[in-house]
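Everything on this sheet refers to the single structure shown next.
None of these values were measured; they are calculated from a predicted model. Proteins come first, then strands; the chains are lettered A, B, ... in the order of their sequence lines, and each starts at number 1.
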Protein chains: 2
Amino acid sequence: MSESLPPNPAVLADRFNTLRYDPEENAVILLNRALYPLRKEFVVCRTVEDVARAIETMIVQGGPPLAYAAGLGLALAQPDPRAYRAAADRLLATRPTADDLHHIIPAALQHALQALDTGTDPKAAVLTFVNGEIERGNRVSRLCGHHAADLLRDGDTVLTHCIAGAALCWMLWIAKHQGKSIHLIATETRPYLQGARLTAQSAVEMGIRCTLITDGMPAHLMSQNMVDKFICAADRITLDGHITNKVGTFQIALAAHYHGIPFYVLGYDGPDPATPSASDIQIEWRDGTEVLHCLGHRTAVEGIDALYPAFDITPPHLISAIVTDRGLFPPTLISRYFDS
Amino acid sequence: MSESLPPNPAVLADRFNTLRYDPEENAVILLNRALYPLRKEFVVCRTVEDVARAIETMIVQGGPPLAYAAGLGLALAQPDPRAYRAAADRLLATRPTADDLHHIIPAALQHALQALDTGTDPKAAVLTFVNGEIERGNRVSRLCGHHAADLLRDGDTVLTHCIAGAALCWMLWIAKHQGKSIHLIATETRPYLQGARLTAQSAVEMGIRCTLITDGMPAHLMSQNMVDKFICAADRITLDGHITNKVGTFQIALAAHYHGIPFYVLGYDGPDPATPSASDIQIEWRDGTEVLHCLGHRTAVEGIDALYPAFDITPPHLISAIVTDRGLFPPTLISRYFDS
């Protein structure tokens, strides 16, 4: 691993840049990802409910980051077993699709209850556990990014969708320091524009050339030989190699498959051991009115409704490899992650 | 044909609602389709250059409508051969992809030059020809829509992309009066939002249920059995059955093919006899800065660029049938249109 690598300048490469517990304020402080970087604004959450609403309104988004925010949020509960259990239920109910939340909250709850049982400080127990998870997640991201960087060739044009998070930042940063010139094409990712904001901003921070397209353009660019690889993240990976990710991923994967373009999934710390296959994933349907607006401005006529499935599912035969902190796996063999 | 059908209430069903020559003003009056119906505004074009710029800036868009606007615009040239030829060149240079413009302008120019030769009024000759073409186009749209309506079943959910124009309006209106309940799902169609504005508004005007989605959602809805048919228009059809249409069409067609969902193309008056195959189509690349904005608001960070291919090409094996005013054709047999 490249120990001589300069620190990654992308804000999203280190989760502590965007979310943390502040002991003086007794609050969880979150970078508002619904606006960043068009506006740079931190949201101060003083209650469990504040954190839950921040997750629901996409102030924090992305599978691991929202799970970390929820974990830190649990530390804001009153220090008794009933309050911790209610807080855990509230936080688990925020978003159903990504698996990280559904691992971190039950584990953090156990740490709190154990501390109460043994007469130690439950808040400290939760914070120690969650901050340790954030540190672990940062290490996972860097390792995953390193394995992905090794897949890239000098001169590659990489298409990505939504924001593939810290591992994408590390992939691009490590590839750059391997002497590879990479051109990133980002889909804008309506309705929240994570591509136009978060992905593009991360590229700018790292000095990576970035070109924006709308969500309808990937297949055409592929047909013009303008894309070498399609790389995105996954909010959940099943044991049989399906991935769920921001809606739009599936049809880009279909287009990549049609054109013979490799599709690599940044799989961070692997599949969810509790999710055997696609039918075990709950796809979140968000409020359709979000589709009728862009950055707060109405974009559609009155008198219609809208649908907003937040994620879609891509089957394993459309995926070239899943890249994790433990290396690459063919999607149908991703359950071997736990043996490696 | 349903002679007892009530008049179609959709503004876009009759091209004379959105573009016309006004003899008192000596101007071409265009509904501003870049804003409609969020704002209802008519643009008055007093010169050939005004009309050319209106076409370039999408004040008028859609293959036939922009061709009609250009044709009427030719009538604004000074009545001498050199001015007419320069005007025709300027109007032909506005947009390269749709074929209608490249048929109407040379024909309208011939009418003008012939009138000058024979000492008759060239402006009247141009206007008579172009208004006749608009009337013919209106009839073609209604016939094409009628054949498409016959493909729909009561209860169908039809996905569409961009604005498929007058034939889509007629398809929905005739299906409704055949007693069929149709649910239209429209992609918003970034960056210009033709789906969120023009398609959705047309549906509202006709009392057709309409649901908006982003351009990344078609494949997921198909995977959930929420789409029965995919139907869109074509800006140009080649003699071997390729179609070019608003960028995004190709990847929706790939998703429809994968899911076994029929894809019907509203082909109006058939293929372009001057375009043998896909390599003969020039895809327009518009200014990428349009992708960095939505309705005039900046949506992306600074420091990046953007690409805007306005169209893409879908090959015949992804198309179930091309629907014209003369009936249905398998895409590879579309050149039989001229024998029918």
Side-chain angles (χ1 to χ4, degrees), chain A residues 37-38 161 185-191 193 195-197 200-201 203-204 209-224 226 246-255 257-258 283 288 291-292 294-309 311-313, chain B residues 37-38 161 185-191 193 195-197 200-201 203-204 209-224 226 246-255 257-258 283 288 291-292 294-309 311-313:
Chain A
L38 302 180
H161 183 55
I185 297 184
T187 56
E188 62 175 353
T189 317
R190 278 279 290 147
L193 303 168
R197 297 184 295 107
Q201 174 68 13
V204 169
R209 180 182 166 206
C210 180
T211 298
L212 196 70
I213 60 172
T214 70
D215 302 325
M217 295 176 187
H220 179 65
L221 264 56
M222 290 175 183
S223 77
Q224 302 302 297
M226 293 171 70
K246 171 59 55 188
V247 68
T249 304
F250 175 33
Q251 65 189 31
I252 303 175
L254 283 167
H257 188 72
Y258 180 84
I283 297 291
V291 170
L292 304 170
C294 181
L295 294 176
H297 301 281
R298 179 91 185 185
T299 49
V301 302
E302 302 291 334
I304 63 171
D305 59 13
L307 288 171
Y308 183 4
F311 303 94
D312 60 26
I313 295 173
Chain B
L38 303 180
H161 183 55
I185 297 184
T187 57
E188 62 175 352
T189 318
R190 280 278 290 147
L193 302 168
R197 297 184 294 106
Q201 173 69 11
V204 168
R209 179 182 166 206
C210 181
T211 298
L212 195 70
I213 60 173
T214 70
D215 302 325
M217 295 177 187
H220 179 66
L221 264 56
M222 290 175 183
S223 77
Q224 302 301 298
M226 293 171 73
K246 173 56 58 187
V247 68
T249 304
F250 176 31
Q251 66 189 32
I252 304 175
L254 283 168
H257 188 71
Y258 180 85
I283 297 291
V291 170
L292 303 170
C294 182
L295 294 176
H297 302 280
R298 180 91 186 187
T299 50
V301 301
E302 302 292 334
I304 63 171
D305 59 12
L307 288 171
Y308 184 4
F311 304 94
D312 60 27
I313 295 173

Given that the side chain runs from C-beta out, which part of [X] has a heavy atom under 4.5 Å from chain B: side chain, backbone, both or neither?
X	answer
A:Leu38	side chain
A:Val204	side chain
A:Met226	side chain
A:Gln201	both

Report task. Specify the closest pair of heavy atoms between A:Phe311 and A:Lys246, including all atoms of both residues, with the distance to one decimal. Result -> CD2-N, 3.8 Å
Query - Atom of B:Pro218, atom of B:Gly216 and distance for their closest heavy-atom approach - result: CD-C, 3.4 Å
Report task. Report the relative orientation of the aromatic rings in B:Phe250 and A:Tyr258; use parallel for angles under 30°, tilted for 30 to 60°, perpendicular for over 60°. Result -> perpendicular
**Report entry** Residue part contacting chain A, namely of B:Cys210, when any heavy atom lies under 4.5 Å
**Finding:** both
**Report entry** Structural part of B:Thr299 lying under 4.5 Å from a heavy atom of chain A
**Finding:** both
Residue, of [options], that accumulates the most heavy atom pairs under 4.5 Å with chain B:
options	value
A:Ala203, A:Ala200, A:Ala186	A:Ala200
A:Pro191, A:Pro309, A:Pro37	A:Pro309
A:Glu302, A:Met217, A:Glu188, A:Arg197	A:Met217
A:Thr189, A:Ile213, A:Ile313	A:Ile213

Query raised in the report: Side-chain contact, heavy-atom cut-off 4.5 Å: B:Met222 with B:Ile252?
Result: yes
**Report entry** Side chains of A:Leu307 and B:His220 in contact at under 4.5 Å (non-hydrogen atoms)
**Finding:** no
Using only atom types and a distance under 3.5 Å, with no angle test, would you say the side chain of [X] pairs donor to acceptor with the backbone of [Y]?
X	Y	value
B:Arg190	B:Leu193	no
B:His161	B:Val247	yes
B:Gln251	A:Ala219	yes

Of all of [options], which one pairs up most often with chain A through heavy atoms under 4.5 Å apart?
options	answer
B:Asp305, B:Thr214, B:Asp215	B:Asp305
B:Leu212, B:Leu292, B:Leu295	B:Leu212
B:Asp312, B:Thr211, B:Thr249, B:Leu221	B:Thr211

**Report entry** side chain to side chain contact (heavy atoms under 4.5 Å, CB included) between A:Arg209 and B:Ile304, worked out
**Finding:** CA-CA 7 Å; A:Arg209 180 182 166 206; B:Ile304 63 171; over 6 Å; no
